[in-house]
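Right, one structure below, let's go through it.
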Amino acid sequence: MTQSWVHQAIGKIEADFQRSADTHLIKLDLPAIAGIDIYLKDESTHPTGSLKHRLARSLFLYALCNGWIDKDTPIIEASSGSTAVSEAYFARLLGLPFIAVMPRSTARRKIEQIEFYGGRCHFVAHSSEIYAESTRLAAELGGHYMDQFTYAERATDWRGNNNIANAIFEQMQKEPHPIPRWIVMSPGTGGTSATIGRYLKYQCLPSKLCVVDPENSVFYDYFQHRDNSLQSQSSSRIEGIGRPRVEPSFIPGVIDTMIKIPDTAAIAAIHWLEQQIGRKTGASTGTNLFGALLLAAKMKQAGDTGSIVTLICDPGERYLDTYYNPDWITEHIGCCQAMTDKLTAFNHSGELTL
Ligand SMILES: *Cc1c(COP(=O)(O)O)cnc(C)c1O
């Protein structure tokens, strides 16, 4: 272990953090639910374009401080998505080789982004093979398998220290309802919801955590019945969230409630959001937002006021040929018109149900 190299590496990540600003909290303007304020924490504006920038930074610091990474240690990760892009960025910052183990079917755009940051893509035939192949490759190369699905929940300091929950509460300080009634998040690794949920408990905050799950994911059923052997045959169509197995990083005990959101609702929601804020987002943001709007409609019905915070997880420009392509939506998700109609009606009535 080269102590000075590890110290330099930590210093480089800390300096990168010092150069960065936190992400914006965007407030929606929705007269139909006057007195209920909805906010979106815009995680798409990180240097590598998603909330995985936070996770990648935490995973590298955790691995460095654990003595798992040294000068020239190849970094291996099982990911077909945003995590590999963000980890490739940090590996380049430290001058380490990076290999993403991903299914051969991974979108060309993602591969290009990983390669842009100097990473290499190693393909397997089926997505279920990525875990074992990452372990094998790490052993063969003397590398370190980051394993986001195991370590996401523990690599981030959940007590505070600039984590995402900490930032949300600071940014809410001057709002009419500074303590949100609900924070809404969808799980991929489950790391972000674990951080938020633990923070709420540790700080003795009254805010509740609602976790929203897409179709073809086992998290919702696991939350209801706590059977961690659950498996789903098909994979999630909402990139970044929903898993076919119960990931170790998903912590059900910190969650107050879960809602299963249809994928058609998520797609309708991102197109609705574009009309509200003039921006395109990824589909997991649609899952989050539809959940937040359902909770807002319930609050209105009960005559309550207050605030709800959720996340923009990544930008829509990554998905122009999928979630923003009507032909792709028809073929892969189905008709979203019923959900679009519900959201249009919500604009006038403030009412929304599934
Ligand atoms: C990873 C990810 C999520 C889920 O975040 P976790 O902290 O892993 O649960 C949501 N949306 C996108 C686009 C992601 O990449």
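These numbers come from a predicted model, not from an experiment. Order of listing sets the numbers, starting from 1, for every ligand and every atom in it.
Annotation: cation-pi geometry satisfied between Arg226 and Phe223 (NZ/CZ under 6.0 angstrom from ring centroid, within 45° of ring axis). Figure legend: Arg245 and Tyr131 shown as a cation-pi pair, the cationic atom lying under 6.0 angstrom from the six-membered ring centre and within 45 degrees of its axis.
Counting only N and O atoms by type, the side chains of Thr48 and Ser86 include a donor and acceptor under 3.5 Å apart.
Using a heavy-atom distance under 4.0 Å as the criterion, the protein contacts of ligand 1 are Leu51, Lys52, Ser82, Met185, Ser186, Pro187, Gly188, Thr189, Gly190, Gly191, Thr192, Glu239, Gly240, Ile241, Ser284, Cys313, Asp314.
With sequence neighbours excluded, no residue forms a ring-ring contact (aromatic ring centres under 6.0 Å, His included) with Tyr220. Shown here are the salt bridge (Lys or Arg N to Asp or Glu O under 4.0 Å) partners of Arg57, two or more places apart in sequence or in another chain: there are none. Remark: Tyr323 engages Tyr319, Trp328 in a ring-ring contact (aromatic ring centres under 6.0 Å, His included) (not counting sequence neighbours).
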